[in-house]
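Here, residue 1 is the first one in the sequence, and each next residue gets the next number.
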Amino acid sequence: MGVLVKPLVTEKASALNEHGKYGFVVSRKANKVQIKKEVEKTYGVTVESVNTLVQPGKSKSRYTKSGMIEGRTPAYKKAIVKVADGDIIDFYSGI
């Protein structure tokens, strides 16, 4: 599996797109340098900075006929990438 898993397409991430910042779900083992190189290679933009965070998994529970089932969603790593002025990344066009 590569460094970039998928782009973040949420309301909050879309609001950041107007300021030249784009969100990605990335591999848990990827570092900032690897993320920068992969985004520059894949989308042909110049990356100014990369901020990363690990989003912890949420507790989930549901009631079934056999009783209550408890579990967790998996944790994942996000990267917020700031590109140079004038560069844009269009997630909706085919690459």
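- Of all heavy-atom pairs spanning P56 and A75, the tightest one is CA-CB, 4.0 Å.
- Every pair tested for salt bridge (Lys or Arg N to Asp or Glu O under 4.0 Å) that includes a residue from residues 8-21 fails, sequence neighbours excluded, so the list is empty.
- Atoms CZ and OG1, from R28 and T52 in turn, are 11.0 Å apart once rounded to the nearest 0.5 Å.
- Partners of S66 under the side-chain hydrogen bond (donor to acceptor under 3.5 Å, both in side chains) rule, at least two apart in sequence or in another chain, are T64.
- Within the structure, every pair that satisfies the salt bridge (Lys or Arg N to Asp or Glu O under 4.0 Å) test and touches residues 48-67, not counting sequence neighbours, is listed here: E48-K82.
- Listed by chain and residue number, nothing satisfies the side-chain hydrogen bond (donor to acceptor under 3.5 Å, both in side chains) test with S61 (two or more places apart in sequence, or in another chain).
- Using a 4.5 Å heavy-atom threshold, the side chains of L8 and V25 count as touching.
- Sequence neighbours left out, not one pair with a member in residues 46-85 passes ring pair (Phe, Tyr, Trp, His ring centres under 6.0 Å).
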Below 3.5 Å, can you tabulate the donor-acceptor pairs from side chains in residues 33-41 to any protein atom, sequence neighbours excluded?
{"residue": "Q34", "atom": "OE1", "partner": "N31", "partner atom": "N", "Å": "3.0"}
{"residue": "E40", "atom": "OE2", "partner": "V47", "partner atom": "N", "Å": "3.1"}

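- Side-chain contact between V83 and I89 is present, with heavy atoms from C-beta onward closer than 4.5 Å.
- Considering only heavy atoms from C-beta on, Y43 stays 4.5 Å or farther from V81 through its side chain.
- Between L16 and Y22, every side-chain heavy-atom pair lies at or beyond the 4.5 Å cut-off.
- Using a 4.5 Å cut-off between side-chain heavy atoms of Ile, Leu, Val, Met, Phe, Trp and Tyr, with links allowed through other members, F91 and I80 fall into different hydrophobic clusters.
- Judged purely by atom type and a 3.5 angstrom limit, R72 uses its side chain to pair as donor or acceptor with the backbone of G57.
- The two residues V5 and S27 have their closest heavy-atom pair at CG2-N, 3.9 Å.
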Item to check | Criterion side chain to side chain contact (heavy atoms under 4.5 Å, CB included) on L53 and K77, from CA distance to verdict | outcome: CA-CA 6 Å; L53 62 117; K77 189 172 191 175; over 6 Å; no
